[in-house]
> 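To start, I am sharing the structure in question, which I have written as structure tokens.
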2 protein chains.
Amino acid sequence: MNIQDVILGILSEKPHSGYDIKRHFEEYFSFFFDASFGTIYPTLSKMEKLGLISREAVRQEGKPDKNMFTITPEGEQHFQKYLRQPAEKEVLRSDFLMHLYFGDMADEETMHTLLREALRAKQEMYDDLEHKLQELDKIGKLTSSQKLCMELGLVQYEAFIRKVQSALES
Amino acid sequence: MNIQDVILGILSEKPHSGYDIKRHFEEYFSFFFDASFGTIYPTLSKMEKLGLISREAVRQEGKPDKNMFTITPEGEQHFQKYLRQPAEKEVLRSDFLMHLYFGDMADEETMHTLLREALRAKQEMYDDLEHKLQELDKIGKLTSSQKLCMELGLVQYEAFIRKVQSALES
DNA sequence: GAGAGCATGTAAATTGTTACATGATTGA
DNA sequence: TCAATCATGTAACAATTTACATGCTCTC
């Protein structure tokens, strides 16, 4: 999976600007993927050159002009190929778990703060994700796989929260 | 968190070679951090120059010579500073969830295979991690925070497995 | 008047992977 | 004899982040 595949997936539904794409990342799947504008804009130009997407300048009133990108038939083919590939191994990078791992080298106070803070952060992520799921589902904006995708995030967050809570209690 | 902090943590316990460090990554925390030799060796040289670690060449019989690295007092100070910093946000990058998210654009067969394979892969990771936890705990090689660290991995894997199983059944 | 949102883009720097190169020993 | 393990290192490349640059509109 590279960012190109993800952009093609988003454009499969309907045309988006670079700015829209970034918002989509944040709104729909910030919990398992993210990219910055510094990656998005150069990638869009590259994909245009490759013929996977096409650009159309759109004038707006009261707002800056924008470039709307549409997927081409080649882009669609490319994306279908991606979908049929087996999924790559998932990668987690957790500074919290690293701190915890070396916990015996720090004092109890530091460790207690670490756990409390991790719990708070994860609870916030849980609430955010649950709220998004509710809102999007209510207005029928979620397919069943998208719902499963978010629910998978939720059940894992929940398991984490329970475990950290029980560790803090003992 | 960068790889330097992680290396300092490992060297806090006892001296290691670059090769040992890589094995430690794999054995103890491959599920939340990893790095290749291409990163480890240049980093070790850099850290030596910075005075965080020192190098000692060791001759071995029947095996290639190796460089053993020891943490210096400056390195220890550096690591203590790391431990007291708040943990950075954790980052997950999941190609499986991306495939699932765009699932309605693929056929049922493809999606079914995706879920089956994700389930199999996660079950394997669960078994691996549980086995490691058992083995290391039995010989008293785990501190309580290290145990919690691994258990946190296990409960999240378990939640994932349950959810995917129930999705496959329905 | 400040800050947030909308909108695009570049440049520098960092970070990291993959592949290559070398070479001995051990076990199947 | 082949693959795996031990052991170190470089070089090319890929990916990505952060900071900078610009500028309008709307809300507080």
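Below, chain A is the first sequence line, B the second, and so on; all start at residue 1.
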> Pick base, sugar-phosphate or nothing for A:S17, based on heavy-atom distances below 4.0 Å to the nucleic acid.
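Since only primed, P, OP1 and OP2 atoms lie under 4.0 Å of A:S17, the category is sugar-phosphate.
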> Which nucleotide wins on minimum distance to the side chain of B:N67, given the candidates D:dT8, C:dC6, C:dT17?
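The answer is D:dT8, which lies nearest to the side chain.
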> Pick base, sugar-phosphate or nothing for B:G38, based on heavy-atom distances below 4.0 Å to the nucleic acid.
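Counting heavy atoms under 4.0 Å across all strands, the contact made by B:G38 includes a base.
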> Looking at D:dT8, C:dG5, C:dG9, which one has an atom nearest to any side-chain atom of A:Y41?
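Closest nucleotide among those given: C:dG9.
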> Which of parallel (below 30°), tilted (30 to 60°) and perpendicular (above 60°) describes B:H24 and B:Y28?
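The rings of B:H24 and B:Y28 lie parallel, inter-plane angle below 30°.
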> Rounded to whole angstrom units, what separation is found between the CE atom of B:M47 and the C1' atom of D:dG9?
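Roughly 17 Å, once rounded to whole Å.
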> Out of C:dA7, D:dA7, C:dT18, which has the shortest distance to the side chain of B:Y19?
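Selected nucleotide: D:dA7.
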> Where the side chain of B:R23 is concerned, which of D:dC6, C:dT8, D:dG9 is the nearest nucleotide?
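Looking only at side-chain atoms, B:R23 lies closest to D:dC6.
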> If you assign B:K63 and B:A35 each to the DNA chain C nucleotide with the nearest heavy atom, which residue ends up on the more 5' nucleotide?
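Nearer the 5' end of the strand: B:A35.
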> Quick one: do A:F31 and B:V91 end up in the same hydrophobic cluster if we chain Ile, Leu, Val, Met, Phe, Trp and Tyr together by side-chain heavy atoms under 4.5 Å apart?
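The answer is no; the residues belong to distinct hydrophobic clusters.
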> Nearest to the side chain of A:I3, heavy atoms from C-beta on, is which of D:dG23, D:dA7, D:dT16?
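Nucleotide nearest to A:I3's side chain: D:dT16.
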> Between the side chains of A:K22 and A:D34, is the shortest nitrogen-to-carboxylate-oxygen separation below 4.0 Å, so that they form an ion pair?
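Answer for the salt bridge query: yes.
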> Expressed as a whole number of angstroms, how long is the span from A:K22:NZ to C:dA4:C1'?
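So the NZ-C1' distance, A:K22 to C:dA4, works out to 16 Å.
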> Mind calculating the distance between NZ (A:K89) and P (C:dT17) to the nearest angstrom?
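My rounded result for the distance is 13 Å.
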> Side-chain N or O of A:S36 less than 4.0 angstrom from OP1 or OP2 on D:dT17?
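True: A:S36 side-chain N/O within range (under 4.0 Å) of D:dT17 OP1/OP2.
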> Within this structure, what is the CD-to-P distance between A:Q60 and D:dC26, rounded to whole angstrom?
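It is 12 Å, rounded to the nearest whole Å.
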> By nearest nucleotide on DNA chain D, pick out whichever of B:M68 and B:R93 is the more 5' one.
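Final value for this comparison: B:M68.
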> Output yes when at least one side-chain N/O atom of B:T39 is less than 4.0 Å from OP1 or OP2 of C:dT17, else no.
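For B:T39, the contact criterion (side-chain N or O under 4.0 Å from OP1 or OP2 of C:dT17) is met.
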> Checking contacts here: which listed nucleotide (D:dT10, C:dC6, D:dA7) is nearest the side-chain heavy atoms of B:P42?
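Nearest listed nucleotide: D:dT10.
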> Quickly work out the B:Q4 CD to C:dT15 P distance and round it to whole Å.
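Distance, rounded to whole Å: 8 Å.
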> Base, sugar-phosphate or nothing for A:N2? Non-hydrogen atoms, less than 4.0 Å.
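Counting heavy atoms under 4.0 Å across all strands, no contact is made by A:N2.
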> Atom CG of A:D65 and atom C1' of C:dG5: how far apart are they, to the nearest Å?
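It is 16 Å, rounded to the nearest whole Å.
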> Find the distance A:E27:CD to C:dG5:C1' and express it as a whole number of Å.
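For the pair A:E27 CD and C:dG5 C1', the rounded distance is 15 Å.
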> If you round to the nearest 0.5 Å, how far is NE2 of B:H16 from CE of B:M68?
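Between B:M68 CE and B:H16 NE2, I get 7.5 Å after rounding to 0.5 Å.
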> The side chain of B:K66 lies closest to which of these nucleotides: D:dG23, C:dG9, D:dA7?
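Taking heavy atoms from C-beta onward, the closest nucleotide is D:dA7.
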> To the nearest Å, how far apart are A:E26 CD and C:dA7 P?
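Rounding to the nearest Å, CD of A:E26 and P of C:dA7 are 14 Å apart.
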> Looking only at side-chain N and O atoms, does A:R55 come under 4.0 Å of OP1 or OP2 in C:dG9?
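So the side chain of A:R55 is within the cut-off, an N or O lying under 4.0 Å from OP1 or OP2 of C:dG9.
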> What I want to find out is whether B:R23 reaches B:E26 closely enough, with some N-O distance under 4.0 Å, to be called a salt bridge.
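No, no charged N to carboxylate O under 4.0 Å.
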> Look at B:K122 together with A:E90 and state whether they make a salt bridge at an N to O cut-off of under 4.0 Å.
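Here B:K122 pairs with A:E90 in a salt bridge, since their nearest N and O are under 4.0 Å apart.
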> If you assign A:M1 and A:P64 each to the DNA chain D nucleotide with the nearest heavy atom, which residue ends up on the more 5' nucleotide?
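Taking each residue's closest nucleotide, the earlier one in sequence belongs to A:M1.
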